[in-house]
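Down below is the structure, laid out as structure tokens.
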Amino acid sequence: MEEIFPGVFRKGKRIFTENLRPGQKVYGEDLLREGGKEYREWVPYRSKLAAAILKGLKIFPFKKGTTILYLGASTGTTVSHLSDIVGKEGVIYAVEFSERMMRELLDLCEKRPNIIPILADARKPKEYDWVGEVDVVYEDLAQPDQTRILIKNAEMFLKPGGEFLIAIKARSVDVTEDPKKIYRESKDELSERFEVIQLIELEPYEKDHCIILGRFRASP
Amino acid sequence: MLFVTANEIGIFALNREKRIVAYSLFPKDPEEVLRRLKDVKEGRRIKELEDVLTELMNLRVENIVTDIPFKDENFHIEFKKDLKVGAELRRNLRDIAVKVGFAKNHEEFTRFLSKVQILRTREKIRRSVKKDKVAIQAISALDELNDISNRFIERLREWYGLHYPELGKKVKDHEKYSKLVSEKGHRENFEDFKGSMGIDLDEPDIEAVKEHATVTYGIYLLRKRLSDYVEEVMNEVAPNTSYLIGPHLAARLLALAGSLEKLAKMPSSTIQLLGAEKALFRHMKGKGRPPKHGILYHHPSVINSPKDRRGKIARIIASKIAIATKTDFYTGEFRGKEYREDMEKKIKEVLGE
């Protein structure tokens, strides 16, 4: 086991996080015991963040104690690994709008008290404005206006100098357009407000998806 | 002047400099906290509010601006739903909770807040699962039953046809056919079976096909009951839309949209093409012509009209549905009759009648 980022371990071609709840799987991933610790495999075909790591993510803004605003938490596959990484001292504010997804996410929250569920529309951050300042904003929404939603939320919650990660699904912005063009447009839009650090395409793990990593400039 | 505000850990009073001058904490029990927040929101006096007000009396405070609706003769109170000071306090609640001793550390507070949010979210989901979801499940089940019954009757007719092929021609109605076979079994039990071209079957062979007939007939009965049920639920969930285009088509639109709320928020152009997504995307990619209608194709006025006018008619129907669903979702009053008359008038114009 080699620790490639804080709380992220690599063995061979696979990556792992240390299980916060030993013995329990979240989405059918492999569990591995080594050196008295238990690790959960982080499957790149299931989690875009894992795919981004394997495709050469340069900066990993998460560690023990990080506070995260996670937009589009879904059933919590990626959230569960972030929960492993930030540990009990960290917090993940998990925003999800779909009730079906939320029902499953709630089961995860029961087991992992560092996840705070929020049933709300990420387009209306005022509904959860009590969240306060966070270290990182992560967005995986698959909505046509996803970059605008990120900007809105980052301006409200992200600390100056804090990082963001956004997963862009080209097919949900415009099905007919070339994905590369959509990535570039999203990147340009984000560059107006943020420092864009890296754009990672997620092939072969996800088709027509990319992750953009950036940083919030301190407001003028 | 002081601000008084409620949040997940207690009741707080702050001065103009946003300093906390008095507070009373809730018990550290998520359910209890939600109960108290509900109470104060509805104007009931709770112990923690009394505590804070007593302290403010001692401090000789006269004016209060607050996000809690309460009355008290000892103060001049101004109610403000979105109190900025209160919102700011909540944003820093993690730190404040530790400072005032509500939680030992951040970790403990996170655990507490997570529980509060889980309870809140559960409650929210419980309240919002409405009857439109029931209608969607029922219409989906009905569609599946249609498929199943078709397969079953096809098999039954072929199977029993080996034995008594003439019955198939005589009884066209599927439900009746399955009922007859399930009741009579052997062809000898029919009056005019003589001269049948079918093969003779033994008792066990007859039993097997008879049993299949019984199940098939049961499916038809179930389908009928479910169809009535869909009608009943839809008349309750969306009376205007159901009256306008019939409860079943309305239910299918609902299923495609996902919920009554989503359908009510759709523009009529989207409604017109619900169910034609594949054709629409094909067209947007530059292949093929734009679709005229989706599921609305099944509306009698569309399906029975000449091809070159179906698009126009689908558009008229969709625009009325857009209005009817909005009436169903937002007001609930019944205006289906006038919508339908208006729609039928416009369709007649298009058809040149």
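First the proteins, then the strands, lettered A, B, ... as listed; each starts at 1. Computation of the quantities below employed the complete heavy-atom set of this structure, encompassing side-chain atoms and omitting hydrogens, waters and symmetry-equivalent molecules.
- Between chain B and the options A:Pro113, A:Cys109, A:Gly90, the largest number of non-hydrogen pairs under 4.5 Å is found for A:Pro113.
- Atom CD of B:Glu31 sits in a sparse spot, with 12 or fewer heavy atoms from other residues, nucleotides or ligands closer than 6.0 Å.
- Note that NZ of A:Lys88 and CZ of B:Arg111 are 7.5 Å apart. Values are rounded to the nearest 0.5 Å.
- Comparing B:Leu89, B:Val116, B:Asn92, B:Thr110 by how many heavy-atom pairs each has under 4.5 Å with chain A, the most go to B:Thr110.
- At a 4.5 Å heavy-atom cutoff, the contact between A:Thr67 and chain B is made by side-chain atoms alone.
- Atom CG in A:Asn114 sits 14.5 Å away from atom NE2 in B:His106 (nearest 0.5 Å).
- Atom CZ of A:Arg148 has 12 or fewer heavy atoms from other residues, nucleotides or ligands within 6.0 Å.
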**Request:** Would you sort out whether A:Val91 and B:Leu113 count as a side chain to side chain contact (heavy atoms under 4.5 Å, CB included), showing the intermediate values?
**Result:** CA-CA 10 Å; A:Val91 193; B:Leu113 191 61; over 6 Å; no

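- Looking at heavy atoms from C-beta onward, B:Thr121 lies out of side-chain contact with A:Leu105 at the 4.5 angstrom threshold.
- A salt bridge between A:Asp174 and B:Lys285 is absent, with no side-chain N of the basic residue lying under 4.0 Å from a carboxylate O of the acidic one.
- In this structure, CD in A:Glu110 is found 4.5 Å from CZ in B:Arg122, a value given to the nearest 0.5 Å.
- Within a 6.0 Å sphere centred on NZ of A:Lys180, heavy atoms belonging to other residues, nucleotides or ligands number 12 at most.
- For A:Phe157, no part sits under 4.5 Å from any heavy atom of chain B, backbone or side chain.
- Heavy atoms of A:Val131 lying under 4.5 Å from chain B belong exclusively to its backbone.
- Residue A:Lys63 qualifies as open at atom NZ: its count of foreign heavy atoms under 6.0 Å is 12 or below.
- Going from atom CD of B:Glu88 over to atom CG of A:Asp129 covers 11.0 Å, rounded to the nearest 0.5 Å.
- Proximity to chain A is absent for every atom of B:Leu93, based on heavy atoms less than 4.5 angstrom apart.
- Minimum interatomic distance between B:Arg94 and A:Glu89 (heavy atoms only, all atoms of both residues): NH2-O, 4.2 Å.
- With values rounded to the nearest 0.5 angstrom, B:Glu123 atom CD is found 12.0 Å from A:Leu119 atom CG.
- Interatomic distance, CD of B:Gln117 versus OH of A:Tyr128, reported as 12.5 Å (0.5 Å rounding).
- For the residue pair B:Ser114 and A:Pro117, the shortest heavy atom distance occurs at O-CD, 4.0 Å.
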